[in-house]
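Here is how names work: the chains are called A, B, and so on, in the same order as the sequence lines, proteins then strands, and each is numbered from 1. These numbers come from the heavy atoms of this one structure, side chains and all, not from hydrogens, waters or symmetry mates.
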Amino acid sequence: MVKMSETETPPFRYTAALADEIELRWQAFWAEHGTFRAPNPVGELADPAHPRAGAPKLHVQDMFPYPSGAGLHVGHPLGYIGTDCYTRYQRQAGYNVLHPMGFDAFGLPAEQYAVQTGTHPAVTTAANVERYKKQLRRLGLAYDDRRSFSTTDPEYYRWTQWIFLQVFNSWFDPELRKARPISELIASFEAGERGAEWATLSPAERRKVIDDHRLAYVSEAPVNWCPGLGTVLANEEVTPDGRSERGNFPVFKRSLKQWMMRITAYGDRLVEDLDTLDWPEPVKLMQRNWIGRSKGAHVDFPVGGDGVITVFTTRPDTLFGATYMVLAPEHELVDAVVPAAWPEGTKQVWTGGHATPAEAVAAYRAEAAAKTDEERTADGKVKTGVFTGAYAENPVNGARVPVFIADYVLAGYGTGAIMAVPGQDERDWAFAEVFELPIIRTVAAPEGFEGAFTGEGPAINSDWLDGKGVAEAKAAMIEWLETNGKGRGATTYRLRDWLFSRQRYWGEPFPIVYDETGLPIALPDSMLPVELPDVDDFSPRTFDPEDADTEPETPLSRKKDWVQVELDLGDGPKTYTRETNTMPQWAGSCWYELRYLDPQNQQKMVDPANEAYWMGPRSEGDCGGVDLYVGGVEHAVLHLLYARFWHKVLFDLGHVSSFEPFRKLFNQGYIQAYAFQDDRGFYVPAEEVVERDGKYFYGSQEVTRSYGKMGKSLKNVVTPDEMCEQYGADTFRVYEMAMGPLDVSRPWETRAVVGSQRFLQRVWRLVVDEETGAVRVTDEPLDPKTRKTLHRIIAGVREDLDELRFNTAIAKLIELTNTLTPLPAVSREAVEPLVLMLSPFAPHLAEELWGKLGHAGTLAYVDFPVADPAQLVADSVTYPVQVNGKVRGRVEVSPDTAEADVRAAALEAVAEVLAGRDPKKVIVVKGRLVSVVV
RNA sequence: GCCCGGGUGGUGGAAUGGCAGACACGGCCGCCUUAAAAGCGGCUGCCUGACAAGGCGUGCGGGUUCGAGACCCGCCCCGGGCACCA
């Protein structure tokens with residue numbers, strides 16, 4: 001029996017099968033010819049003969065993926081396709097384009113899989129990377145294959161370790177506001193520039209002093225301990241409700257010895273340099289919020305005999321309104337200030353019903369400690385606290401102010417103590433109301449204003465500040481505090497130092513060993529990389545997720561023969577102990593944009609000439625960096641903040657010429673999908689659900705629809721592999737780009753993909769006779785009208801591509817195709833530009849058609865069409881004529897018609913509507929419309 | 001609570017203050033076909049209407065303007081971020 005569909009389909013139609021054949025052939029061609037290799041100025045990848053050698057450069061990069069075992073679904077490559085279209089266009093427009101792709105391959109899932117199966121994470125990771133590469137190649141993504149790497153490659157993490165050592169071997173000079181080599185600090189100590197004490201210290205004590213200045217340092221400090229994961233986490237990895245971002249386990253504050261990076265030293269620059277970046281405002285805002293810089297003053301309040309409570313305030317101008325103070329319950333001074341008995345005049349509400357201050361404080365502390373963060377913030381509007389029995393003295397006027405403890409003051413921010421100014425602070429106002437504390441306004445509030453006034457206004461009740469505006473009063477007060485030794489201007493940050501060690505196996509080992517002093521020693525560059533040793537047991541010790549009283553234990557610590565190592569570090573062979581923590585997953589992604597520039601360089605992380613070419617500043621004050629960095633908004637704080645920090649350290653030390661890693665950031669949207677559940681709540685395969693009358697059915701049973709992520713468990717995954725099989729990669733690419741703007745999230749709809757296939761089929765048919773396979777294109781010139789359309793579309797497509805508006809660019813190409821389709825002859829004059837303009841989106845099809853049009857080789861370096869300005873002026877203009885805002889007629893005139901003539905013609909066109917009424921006003925908008933008012 | 005985005009046909013989405021709904025999906029009709037699929041052509045915002053035509057339309061209410069989806073004021077809803085940060 002003959003399959004009808006096969007016999008009836010024209011033999012040379014652009015079908016999925018033909019697309020498959022064409023695509024695989026061109027992918028092989030590109031790979032074989034190294035078509036998308038970009039030449040470097042110097043080094044292994046230099047190529048003076050390359051068509052783009054020495055051309056203006058463009059460095060475009062995607063946030064590289066973690067190669068998961070599940071492979072890609074159709075949502076993952078959205079951004080990759082976007083940057084591929086953009087870079088293919090720019091390459092044709094004349095740029096030397098760097099568009100690399102790598103893999104962020106250290107991390108938890110590979111390790112967890114290894115724990116379950118006993119397979120080494122390196123094996124799983126390598127397999128997953130291969131799978132990803134295959135899937136990406138099948139989509140025709142034009143990467144420079146020589147520049148691909150995984151963060152897990154020893155040749156790569158050798159440089160991650162090298163950068164760690166750069167950080168370790170530096171300190172931040174607050175005067176110069178930059179990192180400097182630690183050797184310069186040591187020299188300064190030795191020269192006696194930093195006090196005489198140095199000379200009296202033992203060698204180990206000196207090392208401790210120096211270690212305390214390093215940008216990477218070990219500290220015993222409260223950290224986020226996650227027993228469920230068996231590791232500590234950075235602040236950025238803990239959700240606001242105190243759980244791990246990965247795994248959603250409880251996280252506890254524990255004091256532990258861990259590696260930290262002094263990112264806080266860069267707080268100012270990380271905030272200020274945001275202004276130089278072309279990033280989405282919301283992302284900048286999130287970084288500003290995370291860094292949380294506030295400027296103000298430290299003010300000293302004398303308490304008791306010679307005690308002092310130092311507070312941080314952003315409103316030193318309101319000091320005359322400070323009517324009480326609050327310490328965090330955990331504040332170290334609390335015990336010191338609490339007297340034996342309640343002083344004279346203690347109000348009943350202040351005591352919490354306790355007989356002595358000590359009892360009240362102890363009870364309140366116990367209460368506060370028992371509350372989780374959630375509970376503390378849940379009832380955040382009701383202020384609680386208790387009087388300590390102590391009074392402090394307001395340094396500006398000597399007023400006696402009671403000292404409270406309350407959990408609305410956080411131990412971890414500022415100094416853990418505040419001066420309370422209820423007149424100008426809403427929280428203080430609320431507290432003052434509960435505890436019947438006096439309220440003094442120090443900024444004039446508007447007539448009839450109730451509550452705390454936080455706005456602008458002249459100072460009042462403030463002695464010598466009276467009448468000054470807020471900004472002026474702040475400055476005056478800071479000056480007064482400094483002159484009188486009562487305080488000083490200060491800046492604080494919400495940002496904490498970055499916790500950099502993890503108790504995991506699958507991460508970069510630290511290039512650090514310890515000697516008998518227990519102090520860290522950096523390994524020399526010559527000993528890099530410190531390779532991750534093989535172990536039998538990959539898992540860190542994990543615990544009952546709720547059990548806070550547990551201790552981390554690293555997998556590497558069990559490998560005794562690796563931990564104890566004999567080395568000659570200059571003092572002859574000695575036994576050292578290796579650091580057994582590993583680096584967090586962020587380490588590898590903190591600098592990968594740099595390694596793409598010079599991936600094969602064995603001598604340097606990146607050759608300065610290559611860095612300067614691809615990422616260097618373009619003008620005085622320019623930050624430099626990747627020209628376009630595309631990825632999801634979920635990395636707004638973590639990855640992007642860490643990467644900026646490392647980049648700035650490398651800049652300070654002279655290793656790079658750019659002071660920001662990513663000049664322009666673009667957040668792509670997500671492709672999401674519908675999922676369907678039956679009445680038991682089980683997910684049913686989404687592709688088998690049919691819609692009838694606005695309801696959804698799986699077989700005969702009605703199911704409910706929800707919208708969200710694609711996932712195996714939701715049974716709604718669609719893969720690019722399936723799309724390539726059903727339609728071809730080019731159709732899939734065109735569909736993803738046509739379905740909406742790149743930065744907008746949208747639902748996946750497989751049945752709509754056919755629209756893109758039809759479009760490509762029409763283009764194919766313009767060139768190829770479906771019955772004979774012959775090329776139909778003629779050398780006949782275009783008719784003048786179509787020529788104008790062509791050039792209008794060329795101009796529009798270029799504009800759209802420059803702005804990453806791929807959806808509207810494709811709409812214009814469809815329009816052009818639909819214009820050409822019904823014409824009796826297919827003119828080369830129109831088809832060649834069409835093919836070239838289509839090539840960023842459907843590169844395989846375009847290459848194939850380009851060949852059929854008689855050109856040899858690839859079109860990747862053929863000039864992108866340019867519109868002829870002469871063709872962009874219209875022959876005639878149609879003016880719609882509005883009467884009172886409604887279109888009532890139209891006139892067609894030549895574009896150079898004088899305004900008066902347009903007006904006359906327009907009035908004539910709507911004469912019937914006007915019915916003799918006299919127009920009050922006639923507005924002629926040149927080239928647009930005519931508006932008549934009656 | 002505060003700060004960002006965003007609300008346009010059945011659906012995804014277009015529109016420098018100037019003809020709202022480009023382009024596509026879906027739907028309806030037609031051509032081709034014994035038939036179906038594919039392909040091709042037409043119609044498709046809503047309401048009234050046989051047609052012609054008219055009215056109404058960009059979350060809601062006001063405003064600016066000859067003219068507002070876009071600008072201003074006040075609300076509502078959805079998504080995201082932050083949340084006692086002194």
Hey, does the side chain of A/Arg765 come within less than 4.0 Å of B/rC40's phosphate (OP1/OP2), counting only N and O? yes

A/Gln761 or A/Ile923, whichever maps to the more 5' nucleotide of RNA chain B: A/Gln761

With respect to the phosphate group of B/rA24, does any side-chain polar atom (N or O) of A/Arg762 fall under 4.0 Å of OP1 or OP2? yes

Please name the residue in the list A/Gln287, A/His635, A/Met286 that meets the side chain to side chain contact (heavy atoms under 4.5 Å, CB included) test with A/Leu641. A/Gln287

Under a 3.5 Å cut-off for both distances, is B/rA86 Watson-Crick or wobble paired, and to whom? none

Whether A/Arg928 contacts B/rG67 is assessed here as follows: a side-chain N or O lying under 4.0 Å from the phosphate OP1 or OP2. Is that the case? no

Whether A/Asn807 contacts B/rA24 is assessed here as follows: a side-chain N or O lying under 4.0 Å from the phosphate OP1 or OP2. Is that the case? no

Ignoring backbone atoms, establish whether A/Asn289 has a side-chain N or O less than 4.0 Å from OP1 or OP2 of B/rA83. no

Atom-to-atom span, CG of A/Asn667 to C1' of B/rC4 - whole angstrom: 13 Å

Within the 3.5 Å criterion, strictly below it, is a donor on A/Ser294 or A/Tyr413 matched to an acceptor on the partner's side chain? yes

P gap between B/rA53 and B/rU65, integer Å: 34 Å

Rounded P spacing from B/rC29 to B/rG18 in Å: 39 Å

Remember a base hit wins even if backbone is also touched, and classify A/Thr314 as base, sugar-phosphate or nothing at under 4.0 Å, heavy atoms. sugar-phosphate

For A/Ile814, report the nucleic acid contact type (base, sugar-phosphate, nothing); a contact means any heavy atom under 4.0 Å. sugar-phosphate

Given the C1' atoms of B/rG21 and B/rC40, what is the spacing between them in whole Å? 25 Å

